[in-house]
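Keep in mind it's a predicted model, so treat the numbers as computed, not measured. In what follows, chains are A, B, ... by sequence order, proteins preceding strands, each numbered from 1.
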Amino acid sequence: MNYFKMLFLLLVISVTAFGQHTISGYVQDGATGEPLIGATVYDTLSQKGTTTNVYGFYSITLKTDAVVLQYSFVGFQSQVRELELVENQKISIELLEISELQELIVNASERNKIEDNTQMSSHDISMDKVNSLPALLGEKDVMKTIQLLPGVQSGSEGTSGVYVRGGGPDQNLILLDGVPVYNASHLFGFFSVFNADAINSVQLTKGGFPAHYGGRLSSVIDIRMKEGNMKKFHGEGSIGLIAAKLLLEGPIIKDKTSFAISARRTYIDLLARPLINSANDGQGNAGYFFYDLNAKLNHKFSDRSRLYASGYFGNDKFYVKSKDKYIDAGTTYENNEDAGLNWGNAIAALRWNYQLTPKLFSNTTITYSKYKFKVGFAAEEIRTNNTGTVKDEYSFAYLSGIQDYAAKIDFDYTPHPDHFIKFGGGYTMHTYTPGVNQYKQDASGFVIDTTFGSDIISAGEFWGYVEDDFKISTRLKVNLGLHFAGFVVNNTTYTSLQPRIAARYMLNENSSLKASYSKMTQYLHLLSNSGIGLPTDLWVPPTDNVKPLDAHQVALGYAQTLAKKYQISVEGYYKTMSNLIEYKDGATFFGNDQSWEDKVEVGKGWSYGAEFMIEKKVGKATGWIGYTLSWSNRQFDNLNFGKPFPYRYDRRNDIGVAFTYEFTESIDIGVVWIYGTGNAFTLGTERYLALDPSSLNANIFGGGAEIEHIESRNNYRAPSYHRLDTGINFHKKKKWGERTISLGVYNMYNRQNPFYLYFTQDDGGNKRLAQASIFPLIPSFTYSFKF
Amino acid sequence: MKQIQISTIVFALILFVGVSSCEKYLDFEVKDKTSKLVVNSLMDGDSLFSANISHSLNILDDGELKHIESASVKILDADDNLVEILTHTTNGNYIGATKPLGGISYKIEVSAPDYATVTATDKLPATINIISADTLGKIDADGDSVLQITIKFQDESSVTNRYILELYTADIISGALFMRPASFSSSDISLGGSGGLGGSDTYFYRQAIFTDNLFDGTIKTLVITTEDTRAYDSFLQLTLSNISNPWYEYRRTVEAHLANQGNPFSQPVIVYNNIENGFGIFGGKMSTRKKISY
């Protein structure tokens, strides 16, 4: 209640300010019309400032006086507007990208310094950086760039899953244009679903969560797609070793309506098809591919009103088909079999930005998000003889997934340069399909059409929030907020009041101390056998028996800009998590005799650590070095006999280095180096005979059964993981635009990193523990173009 | 043709770079895992003390797991007074001359040449009183004749009790008694879900293992349903065993461990072990039987 009172009081004080006028508008890329998110607007006379929101909108209220506004954004030339503020003004600014390699941009970014922000534990990921760094098979991947940041760990070799501050892969709220993406992986996690060409901006928040975020425990990855070039028609694309992609964007009505559409498809299946056909005489086929399609339409009704429609559709498909035909005893038999796995996301959003007053900006959104996984098998036999034709059919499918419809409204209110208030709320209707089996048979007059397994569950989630980012003194700035959320499932309603507070205290002009506390509640669980984000993982809701996840996180940090070029941050954190779920000992997602609720155990987790990062964002040489020292543990009363055990991705030391260097406008290089303590595996160390089975249940196993003694869960550390990737990009201007040839080497020193462990026998017949590595040194080649 | 050749080369390249997996042997620190004594012993109030003694090997040793036939197997009471020394019969099996008593704690101590001495303690639970077992013939939803059995028993208060419920059909043929385990089902929450071991009528279809978490210290009424065999069987026998915690944990974990060995999709199961300096189980059960005559 005190929170509400305090926020209300602040609001009243802010609103009653008088003798002031508001300047509002948008800050955009002058070449494309794309919004510049987080651009700084700063009055050098009053030393008041603000930043643009995710739509490029800003609003700043200043006293009636002379104003010198500086608009700046990293990598863009700043602009200055001088005016006498006697009434409300609308000023939209278009900044131009710096074309020459020069250090002067340091001045432009002076006001956007890391130590100024109240927000801690957050990173803006530059898409230029994503595109400059080398990538596995040349596929630029924003999720793999995020893995290089401190506090973020990758899962297994080559996969794009992220594990933030000891949390699981389900604890990341991955938003694409504000819509949650449930499974962000293609090809069993080796690539993410995000086509780098279609992305405008990416921000990662891993702690000190502002109140407008909610629904996940560990991180928010806010990805914004390109709005579409408002100025001119533009295209870009690439052809790589495994995939090709194309982006087209441009104005439908210049400076009023634009579109952006991009597509990506792998062609492993097309390349393999001739081989497979020749191998089986055309009697079948098999293959794998994935595709993505991003589309966006953006219409400006007026300076106050804009509408955006966006969509993402992606799918992975693995298929095996076979057919067989033969004649026996006068009957022709024709057999067709079709098996496959497919999974994918479909996402759609309709957003309406409306500027209610110069100080009040609204965004109304309706969204749709669906993730589905299906593994199935279908067979038919057609028998034809002189009496006629008979067809027998069988099919089996296992389905899981989640589907959301949501509506939300968000407001940005800037009553005073010292207050930036956000408030809003929303509702999501979830439909969970946590493992449903379909069996159909139509054979010899015997017809079965049945569905069994876990029940489909519908649930509603609602939330509201208010936060104020306000300056208490020239040194102290606080972001105070409250997030309230609820979840209704079956006959149970869960609610959660989540206080959020973050503060920064300027020690001097270039350094600050930061601290934050946040409580997060997650109304969603992921049941995973593998922990690497396989499509078989089940998304399940809280129920009467399985409670929502809760986390409390405190963080303390120090931020400094050195020599106007280097940003340094050091942070420590402690996080507790409750109501985590894990499969019971021996349980698996296969098997239909039990509901998923009967297969899980509920426990808790805690993680703590320190993160260090030094980053250089400007100049010919840019990049960062991140280091994380961390611990992450779990405890379940009915697992590991109640004793705590390390989380699978408990990683004591984690280092990520990303470096790019522009030799000339035509040539740049990128280098990535990763080091991480080995993942934890559960392995038996000794073996012995079980008690005489006649004393047990003889129906389960026979005599002479052996037990593998496991000392504890995750008792073995695999060898450490490290890898060096390098790449070089050759750019060349052409009459029609620009082409880039990218050459890269993944795992340059051919480190054999462990993907999984197993026992085997060596050449001498001795039993050994072995690791399988899947990615040795891999060269890549990509041809890209822009016009 | 040319297209196929190019495709073949490119695909072979992709296969090489993307799918090839390399095997590498790892140093696995198990050499210090010396062979230990393995004691498997279940105290049963109806039977003489017995134990099976064998040895363990480290996981990288593919040698045969052998029974130990030269061990000294002692049963001691709570004050370390010798109760008896078990005698070897065959295949590492050792047997005594006395039966364990309900409510009494025992210790087993096993030593053998070249092995460290191992010990374990457990208490044989007390006998449970089955107050009544009433039957009712019914027709179930499928039209089959079933027998509903209502069992009442007194649960001991203030301690966690663990039970195994079994049902047998008995035939007397030519004067000889033949007992067969019978399957049964129950909707009682104590037998399934968190109170038991995941559904008595499915996984443990002949034995229900459960705890008194939901009925501690009360007279428990348990309703089970079985096939109605009154037309051709002589009688039914209910066996309700009060089992010790080590035996409960061992049963719970060893069956899951063995049932999931080699399944890459299942979680690994750690088997309960209460043998100090060694492996295995020293547990106890005290059974009460109730004959249900037709």
Side-chain angles (χ1 to χ4, degrees), chain A residues 137 241-242 268 270-272 274-275 278 529 582-590 593-594 598 640-641 682-692 695-697 699-701 705-710 712-713 719 752 755 757 759-760 762 766-776 778-779, chain B residues 3-4 7-8 10-11 13-14 17-26 28 30 33 36 38 40 42 52 54-62 65 192-193 198-199 202-207 250-251 253-261 263 265-273 279-281:
Chain A
L137 294 168
L241 280 177
I242 63 159
I268 305 167
L270 303 177
L271 296 170
L275 285 177
S278 62
N529 267 110
E582 285 264 1
Y583 274 116
K584 286 181 176 177
D585 280 345
T588 168
F589 75 93
F590 288 121
D593 54 336
Q594 289 175 286
D598 295 328
N640 204 42
F641 300 107
T682 304
L683 291 178
T685 53
E686 289 159 276
R687 61 191 186 90
Y688 61 95
L689 290 172
L691 182 63
D692 181 355
S695 301
L696 303 172
N697 187 341
N699 294 300
I700 294 179
F701 56 88
E706 283 185 24
I707 294 170
E708 280 188 8
H709 172 66
I710 299 166
S712 65
R713 267 207 175 200
Q752 290 184 35
F755 184 67
L757 308 181
F759 288 105
T760 185
D762 63 17
N766 301 311
K767 191 175 178 184
R768 301 287 301 271
L769 177 65
Q771 68 168 39
S773 309
I774 54 170
F775 293 125
I778 300 174
Chain B
Q3 185 186 359
I4 290 175
S7 301
T8 305
V10 174
F11 182 64
L13 180 66
I14 289 169
V17 298
V19 189
S20 63
S21 84
C22 309
E23 184 179 79
K24 180 182 170 186
Y25 300 123
L26 300 176
F28 191 39
V30 294
K33 304 290 182 190
K36 300 182 182 75
V38 177
N40 286 315
L42 173 62
N52 181 273
S54 56
H55 75 151
S56 69
L57 293 172
N58 82 54
I59 200 77
L60 298 182
D61 189 337
D62 265 346
L65 293 172
T202 52
Y203 194 70
F204 290 95
Y205 55 91
R206 283 177 180 165
Q207 295 181 325
Y250 186 77
R251 284 292 311 264
T253 54
V254 76
E255 295 183 12
H257 179 90
L258 295 170
N260 289 285
Q261 271 182 340
N263 180 355
F265 294 103
S266 73
Q267 296 298 321
V269 184
I270 303 173
V271 175
Y272 181 84
N273 169 41
F279 296 114
I281 181 66

Under the side-chain contact (heavy atoms from CB on, under 4.5 Å) criterion, do A:Ile707 and B:Phe279 qualify, and how do the steps go? CA-CA 10 Å; A:Ile707 294 170; B:Phe279 296 114; over 6 Å; no
d(A:Glu706 CD, B:His257 NE2) to nearest 0.5 Å is 9.5 Å
Quick one: does B:Asn40's side chain have a donor or acceptor within less than 3.5 Å of a partner on A:Leu689's backbone? yes
Using only atom types and a distance under 3.5 Å, with no angle test, would you say the side chain of A:Glu708 pairs donor to acceptor with the backbone of B:Gln261? no
Verify side-chain contact (heavy atoms from CB on, under 4.5 Å) between B:Val271 and A:Tyr688, making sure each step is shown before the conclusion. CA-CA 11 Å; B:Val271 175; A:Tyr688 61 95; 4.0 Å; yes
Looking at [X] and [Y], what are the two nearest heavy atoms and their distance?
X        : Y        : answer
A:Thr760 : B:Tyr25  : CG2-CE2, 3.8 Å
B:Ser56  : A:Glu686 : OG-OE2, 4.2 Å
A:Pro719 : B:Leu26  : CG-CD2, 3.5 Å

A:Asp762 versus chain B, heavy atoms under 4.5 Å apart: side chain, backbone, both or neither? both
Per side chain to side chain contact (heavy atoms under 4.5 Å, CB included), A:Arg687 is matched among B:Asn58, B:Leu65, B:Val38, B:Leu60 by B:Leu65
Output the option from B:Ile281, B:Asp61, B:Thr253, B:Asn273 having the highest count of non-hydrogen pairs under 4.5 Å with chain A. B:Asp61
Pair A:His709, B:Ile59 - check side-chain contact (heavy atoms from CB on, under 4.5 Å), show working. CA-CA 8 Å; A:His709 172 66; B:Ile59 200 77; over 6 Å; no
The interface call for B:Asn52 against chain A, heavy-atom contacts under 4.5 Å, is neither
One option among A:Asn766, A:Ile710, A:Thr682, A:Thr685 has the most heavy-atom pairs under 4.5 Å with chain B, and it is A:Thr685
